[in-house]
Enquirer: 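Please read through the structure below; I'll follow up with questions.
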Amino acid sequence: MPASPMVPASLLAVLGKLRVFTARGFTTFTALVTGLVAQTGAGTVTGMLTGAGLARARPHDRAHAFFSRTRWNVDNLGIVLAHLIVRTLLPQGAAITVAVAVDDTLFKRSGKKVFGAAWQHDGAARGPKRR
C-alpha cells in the first residue's frame with residue numbers, strides 16, 4: 001500500500017495553491033482532503049485516512065495531530081481559499097456583489113483554553129440552562 005494517496009493532478013493543482021502549511025503538514029493535508037473526497041463513510045480523521053487508502057499505511061496520530069498540534073492558521077487558509085475562489089470564478093477586475101454567510105452555531109465547549117468561547121444564548125437548546 002502506498003505511503004501517500006494517489007491524488008488526481010487537478011486536485012493537486014488546487015491544493016498546491018493552498019500552501020499555508022509546512023512541507024510535512026501539506027503532505028498530511030493533501031492526504032486528508034483526498035480521503036475526505038474519496039470516502040463514503042463518516043467525515044472523521046479515520047474515515048479520511050480510509051478513503052485515501054492510508055488507514056494501515058500511515059500513523060493515525062500524525063493525522064490527528066495535524067488538527068491539534070500542527071502550526072497553521074485556519075484564518076490564513078480561509079483567506080487564501082477565498083482569494084482562490086474569487087480569482088477562479090470571477091473575471092479579472094469584476095466586482096464582488098454577493099453576500100457572505102457566516103455560521104454562528106453555538107457549540108457546547110467553554111473554558112479558558114477554548115478560543116472565542118463566551119456565554120451566548122442558545123434559543124434552540126433544550127433544558128433550563130440555554131447557553
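Computation of the quantities below employed the complete heavy-atom set of this structure, encompassing side-chain atoms and omitting hydrogens, waters and symmetry-equivalent molecules. In what follows, residues are counted from 1 in the order of the sequence shown.
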Enquirer: So which atom in T44 and which in G47 form the shortest heavy-atom distance, rounded to 0.1 Å?
Expert: OG1-N, 3.0 Å
Enquirer: Is there a path from L84 to L15 through hydrophobic residues (I, L, V, M, F, W, Y) whose side chains come within less than 4.5 Å of each other?
Expert: yes
Enquirer: Taking F66's backbone N and O only, do any of them form a donor-acceptor pair with W72's side chain (distance below 3.5 Å, no angle check)?
Expert: yes
Enquirer: How close do D61 and R69 get, heavy atom to heavy atom, and via which atoms?
Expert: O-NH2, 4.4 Å
Enquirer: Exactly one of H60, H64, R62 should register a side-chain contact (heavy atoms from CB on, under 4.5 Å) with L49. Which one does?
Expert: H60
Enquirer: Under 3.5 Å, is there a donor-acceptor pair between the side chain of T30 and the main chain of L12?
Expert: no
Enquirer: Please round to the nearest 0.5 Å and tell me the distance separating atom CG of L11 and atom OG1 of T34.
Expert: 5.0 Å
Enquirer: Are the side chains of T28 and T70 in touch, meaning some heavy atoms are under 4.5 Å apart?
Expert: no
Enquirer: Which heavy atom in A52 sits nearest to a heavy atom in A31, and how many Å separate them?
Expert: CB-O, 3.6 Å
Enquirer: The criterion is ring pair (Phe, Tyr, Trp, His ring centres under 6.0 Å); which residues satisfy it with F29, sequence neighbours excluded?
Expert: F21
Enquirer: Mind checking whether I79 and L90 sit in one hydrophobic cluster, side chains of I, L, V, M, F, W, Y counted as touching below 4.5 Å?
Expert: no
Enquirer: Only distances under 3.5 Å count here; give the side-chain donor-acceptor pairs of residues 35-43 to other protein atoms, sequence neighbours excluded, each with its distance to 0.1 Å.
Expert:
unit_1	atom_1	unit_2	atom_2	d
Q39	OE1	G41	N	2.7
Q39	NE2	G41	O	3.3

Enquirer: How about F26 and V20: do any of their side-chain heavy atoms sit closer than 4.5 Å?
Expert: no
